[in-house]
Amino acid sequence: MPELPEVETTRRGIAPLIVGQPIEDFIIYHPQLRWPVCQSLPTRLQNQTVQSCKRRGKYLLVGFDKGYQMIHLGMSGSLRHVSAGQPLEKHDHAEWRLPGVRIVYNDPRRFGAILWHDKADGPIEQHPLLSRLGVEPFSDEFTVQTLIKGFKNRRQAVKNTLLSGQIVVGVGNIYASEALFKAGINPQAPAGSLSAYRLTRLHQAIVDTLQAALEAGGSTIRDYLNATGEAGAYFELHAQVYDREGQPCPRCQRPIKRIVQAQRATYFCSHCQRH
DNA sequence: AAATGATCCTGAGAGC
DNA sequence: TGCTCTCAGGATCATT
């Protein structure tokens with residue numbers, strides 16, 4: 001499941017291959033993703049030079065003169081760099097061809113998306129899918145104050161607030177459990193109930209957790225491939241609580257609990273993580 | 001307004 | 001072995 005570190009790893013993998021190069025062909029094999037891939041995109045992109053390859057939250061933003069391709073990997077999406085003549089695989093839905101380079105979008109569960117944002121419709125930051133996102137966790141904008149202000153008066157469970165991406169982006173289901181464990185905070189605690197001290201710990205835990213995953217090359221559960229088609233490092237092997245129901249807490253040895261919050265599995269230690 | 005629930009989809013794993 | 005069933009998960013949209 002691509003979370004922010006996986007998306008960033010993908011971005012770093014493909015950016016050097018595509019920036020400054022013209023799109024010779026953009027081919028849609030199967031437009032049925034979360035939203036249908038716009039059928040006029042191949043024509044629109046042909047001979048357009050890739051100006052940039054950025055990321056906002058979990059969206060990859062491939063910049064052109066006239067707009068951006070917005071790519072989301074959903075739950076099971078990946079981009080891989082394939083060589084000429086290499087056959088397609090199951091669930092390959094689209095392909096970019098640049099001089100000497102083929103990038104293929106694969107997504108078994110098709111929760112991902114490939115969209116077009118035209119510059120004529122305004123700055124990319126104001127796109128409806130991006131405009132309400134929280135701050136980037138690796139930017140200077142993300143401080144303890146971000147959490148203090150963002151969580152204020154929220155009665156929602158802190159795990160759900162983190163997952164919403166409205167305060168800080170990039171904390172998906174796996175890393176939410178991990179960061180809260182690291183910070184010693186019960187995932188069910190109302191976001192607005194946490195002291196400044198505890199939010200200081202949470203801020204540090206989020207940065208540390210995402211940074212560690214990024215350095216590991218992006219975590220994965222089972223079906224993530226990085227930009228070169230290599231399997232990512234298996235971060236969950238290093239997970240302290242995620243997917244470890246019943247196993248001993250690394251800190252106190254009591255069994256880790258699994259609960260469901262907003263229809264998502266949460267793993268935590270009820271002894272080490274307090275309200 | 002804020003919070004929760006349904007929903008898209010496929011593959012893996014469990015259970016029979 | 002093979003069938004059926006459940007579950008996982010990001011993020012939007014609908015509903016309470």
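Labels below follow one simple rule: chain letters A, B, ... track the order of the sequence lines, proteins then strands, and each chain is numbered from 1.
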*Asks:* Should A/Glu95 and A/Arg102 count as an ion pair when the cut-off is N to O under 4.0 Å?
*Replies:* yes
*Asks:* Should A/Phe111 be counted as stacked on C/dG10, where stacking needs a ring-centre gap under 5.5 Å and an angle between planes under 30 degrees?
*Replies:* yes
*Asks:* Using a cut-off of strictly less than 4.0 Å, decide whether A/His72 has a side-chain nitrogen or oxygen near OP1 or OP2 of C/dA11.
*Replies:* yes
*Asks:* Expected output check: what is the dot-bracket annotation of DNA chain B, where ( ) and [ ] are pairs inside the strand (brackets for crossing ones), | is paired with another strand, and pairs are Watson-Crick or G-U under 3.5 Å?
*Replies:* .|||||||||||||||
*Asks:* Looking at B/dG11, does its base get a donor-acceptor pair with the side chain of A/Arg109 below 3.5 Å?
*Replies:* no
*Asks:* Would one find a side-chain N or O of A/Tyr175 under 4.0 angstrom from OP1 or OP2 of C/dG10?
*Replies:* no
*Asks:* Using whole Å, report how far CD of A/Gln156 lies from P of C/dT16.
*Replies:* 19 Å
*Asks:* Should A/Asp65 and A/Lys119 count as an ion pair when the cut-off is N to O under 4.0 Å?
*Replies:* no
*Asks:* Looking at B/dT10, I'd like to know if its phosphate oxygens (OP1 or OP2) sit under 4.0 Å from a side-chain N or O belonging to A/Lys90.
*Replies:* no
*Asks:* State whether A/Arg110 places a side-chain N or O below 4.0 Å from either non-bridging phosphate oxygen (OP1 or OP2) of B/dT10.
*Replies:* yes
*Asks:* If only atom types and distance count, is the side chain of A/Glu6 paired as donor or acceptor with the main-chain N or O of A/Glu3 below 3.5 Å?
*Replies:* yes
*Asks:* Name the nucleic acid region contacted by A/Arg155, choosing base, sugar-phosphate or nothing; use a 4.0 angstrom heavy-atom cut-off, strictly under.
*Replies:* sugar-phosphate
*Asks:* Would you indicate which nucleotide in C/dG10, C/dT12, B/dG11 comes nearest to any side-chain atom of A/Asn173?
*Replies:* C/dG10
*Asks:* Checking A/Gln86 side chain against A/Ser83 main chain: does a donor-acceptor pair fall under 3.5 Å?
*Replies:* yes
*Asks:* May I ask you to evaluate whether A/Gln263 reaches the phosphate of B/dT4, defined as a side-chain N or O under 4.0 Å from OP1 or OP2?
*Replies:* no
*Asks:* Does the A/Glu8 side chain pair with the main chain of A/Arg55, one donor and one acceptor, at a distance under 3.5 Å?
*Replies:* no
*Asks:* Could you tell me the separation between the CD atom of A/Gln32 and the C1' atom of B/dT10, rounded to a whole number of Å?
*Replies:* 15 Å
*Asks:* Taking the six-membered ring for Trp, are A/His117 and A/His127 parallel (under 30°), tilted (30 to 60°) or perpendicular (over 60°)?
*Replies:* perpendicular
*Asks:* Between A/Arg56 and A/Glu136, is there a salt bridge with N-O shorter than 4.0 Å?
*Replies:* yes
*Asks:* Under 4.0 Å between any heavy atoms, over every strand shown, what does A/Leu129 touch: base, sugar-phosphate, or nothing? Just pick one.
*Replies:* sugar-phosphate
